[in-house]
Amino acid sequence: MQKNTLILYTYGLRGQMSLLPPLFTFLRDLRKGRSADTTLLLDLGDACAPDVWHCAATQGRSMLIVMDAMGYHAANVSGYLSDDGRTKLDGTVSMALVDGAQPFVAQNELKIWLVPAEKTELTSEGTLRLAQVEAGQVGVVRVSDEPKLIAHEVVTMPPKTPPDATIAGVVDFVLGEAKYYG
């Protein structure tokens with residue numbers, strides 16, 4: 001029987017903490033309607049922005065801590081997570097923190113570049129590239145174990161998506177802690 005992987009991914013959150021609680025609800029709903037042998041939640045980068053106070057105060061860690069609580073498996077941290085920030089996250093988050101210069105390798109050995117591409121495609125070398133999405137959008141990809149790209153779509157979070165209370169609490173905690181760094 002053919003196995004498949006469902007990949008949900010985001011990009012360009014740019015420190016928008018208020019987006020994360022409803023995004024978690026939306027991601028949970030997306031998973032419910034799609035069965036898969038493996039599901040991965042990934043971020044293609046720009047989760048934090050240096051001009052956002054909590055990103056600056058935490059050296060880029062604030063968004064990553066909340067994203068880890070949301071169940072992200074990996075995030076591209078190029079350009080916003082300092083070496084010191086990365087060291088401070090060691091042992092704190094379970095998701096992989098990758099650079100754009102190397103692919104994320106999933107448990108099923110699928111290589112995924114966490115850098116936005118023009119279109120979603122599985123290269124002849126067996127590496128998955130994911131099309132760019134905007135904040136508030138989620139890329140949804142299904143890949144078979146051959147590997148073969150089965151489907152790709154971009155879905156937009158409905159404007160009145162209710163926030164998840166647990167993730168809202170994590171956001172409040174992280175923002176409260178960030179005030180002490182600033």
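Fair warning: this is a prediction, and the values are worked out from it, not measured in the lab. As a basis for the values below, the full set of heavy atoms in this structure was taken, side chains included, without hydrogen atoms, waters or symmetry mates.
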- Message: Looking at Pro147, is its backbone amide N or carbonyl O close enough to the side chain of Ser144 to form a donor-acceptor pair, meaning the two atoms are under 3.5 Å apart?
- Response: no
- Query: Is the closest side-chain heavy-atom distance between Arg14 and Cys48 below 4.5 Å?
  - Reply: no
- Item | Interatomic distance, Tyr9 atom OH to Phe104 atom CZ [nearest 0.5 angstrom] | 15.5 Å
- Message: Is it the case that the side chain of Gln137 and the backbone of Glu134 share a donor-acceptor pair, with hydrogens and angles ignored and the cut-off at 3.5 Å?
- Response: yes
- Spacing of Leu130 atom CG and Asn76 atom CG [to the nearest 0.5 Å]: 11.5 Å
- Query: Is Phe173 linked to Met95 within one hydrophobic cluster, defined over Ile, Leu, Val, Met, Phe, Trp and Tyr using a side-chain heavy-atom separation of less than 4.5 Å?
  - Reply: yes
- Message: Closer than 3.5 angstrom, by distance alone: can the side chain of Asp99 be matched with the main-chain N or O of Ala101 as a donor-acceptor pair?
- Response: no
- Message: Between Val143 and Asn4, is there a side-chain heavy-atom distance shorter than 4.5 Å?
- Response: no
- Are Leu149 and Val154 connected in the hydrophobic side-chain network, where two residues link if heavy atoms are under 4.5 Å apart? yes
- Task: Any chance you could measure Asp172, atom CG, to Met17, atom CE, to the nearest 0.5 Å?
- Result: 10.0 Å
- For Glu125 and Thr123, does a side-chain donor sit closer than 3.5 Å to a side-chain acceptor? yes
- Query: Would a 4.5 Å heavy-atom cut-off, applied to side chains only, mark Asp37 and Thr5 as touching?
  - Reply: no
- For Leu19 and Ala135 the tightest heavy-atom approach is CD2-CB, 4.1 Å
- Query: CG of Asp43 to CG of Leu8: how many Å apart, nearest 0.5 Å?
  - Reply: 12.5 Å
- Message: Test of understanding: clusters of I, L, V, M, F, W, Y form through side-chain heavy atoms closer than 4.5 Å, transitively. Do Val93 and Met63 belong to the same one?
- Response: yes
- Task: Output, in order, the C-alpha distance, side-chain angles, deciding distance and verdict of side chain to side chain contact (heavy atoms under 4.5 Å, CB included) for Thr25 and Ile167.
- Result: CA-CA 9 Å; Thr25 300; Ile167 298 304; over 6 Å; no
- Pairwise side-chain contact, Thr120 with Arg129, heavy-atom cut-off 4.5 Å (strictly under): no
- Shortest non-hydrogen pair, Ala178 vs His54, comes out as CB-CB, 4.0 Å
- Message: Taking the side chain as everything from C-beta on, heavy atoms only, tell me whether Val155 gets closer than 4.5 Å to Val140.
- Response: yes
- Any side-chain heavy atom of Phe26 within less than 4.5 Å of one from Pro158? yes
- Start with the C-alpha distance between Leu23 and Val138, add both sets of side-chain angles, then the distance that settles side chain to side chain contact (heavy atoms under 4.5 Å, CB included), and finish with yes or no. CA-CA 9 Å; Leu23 180 61; Val138 175; 3.8 Å; yes
- Message: Heavy-atom count check: over 12 atoms from other residues, nucleotides or ligands less than 6.0 Å from Asp83 CG?
- Response: no
- Task: Let me see the working for Ile112 and Leu114 under side chain to side chain contact (heavy atoms under 4.5 Å, CB included), right down to the final yes or no.
- Result: CA-CA 6 Å; Ile112 307 168; Leu114 299 185; 4.0 Å; yes
- Mind listing the closest non-hydrogen atom pair of Thr39 and Ala36 along with its distance? OG1-CB, 4.0 Å
- If a pair satisfies disulfide bond (SG atoms under 2.5 Å apart) and one of its residues is in residues 83-130, list it, with sequence neighbours excluded. none
- Query: Can Asp46 and Tyr11 be counted as having a side-chain donor-acceptor contact under 3.5 angstrom?
  - Reply: yes
- Message: Is it the case that atom NZ in Lys88 sees more than 12 heavy atoms from other parts of the structure closer than 6.0 Å?
- Response: yes
- Between NZ of Lys3 and OG1 of Thr38, what distance do you get to the nearest 0.5 Å? 7.5 Å
- Where is the tightest heavy-atom contact between Ala131 and Glu118, given as atom of each residue plus distance? CB-O, 4.2 Å
- Are Lys148 and Glu121 ion-paired here, with the side-chain N under 4.0 Å from a carboxylate O? no
- Indicate the atoms forming the closest heavy-atom contact of Leu6 with Arg34, along with that distance. CD2-CB, 3.8 Å
- Task: Evaluate the side chain to side chain contact (heavy atoms under 4.5 Å, CB included) criterion for residues Leu175 and Trp53: first the C-alpha distance (whole Å), next the side-chain angles of each, then the deciding distance (0.1 Å), finally the verdict.
- Result: CA-CA 10 Å; Leu175 290 176; Trp53 76 269; 3.9 Å; yes
- Item | Same apolar cluster (I L V M F W Y, side chains within < 4.5 Å links), Leu44/Met67 | no
- Message: Is the shortest side-chain heavy-atom distance between Val98 and Val77 below 4.5 Å?
- Response: no
- Task: Could you state whether Val171 and Leu41 fall into the same hydrophobic cluster, counting links through intermediate Ile, Leu, Val, Met, Phe, Trp or Tyr residues with side-chain heavy atoms under 4.5 angstrom apart?
- Result: yes
- Query: Do the side chains of Leu20 and Leu13 get nearer than 4.5 Å, heavy atoms only?
  - Reply: yes
- Message: What I want to find out is whether Asp84 reaches Arg61 closely enough, with some N-O distance under 4.0 Å, to be called a salt bridge.
- Response: no
- Message: Is it the case that the side chain of Tyr80 and the backbone of Ala56 share a donor-acceptor pair, with hydrogens and angles ignored and the cut-off at 3.5 Å?
- Response: no
- Item | Side-chain donor or acceptor of Asp68 paired with backbone N/O of Ser94 under 3.5 Å | yes
- Task: Identify the heavy atoms of Leu40 and His73 that sit nearest to each other, and give their distance.
- Result: CA-ND1, 3.5 Å
- Nearest-0.5 Å distance that lies between atom OG in Ser35 and atom CZ in Arg142: 6.0 Å
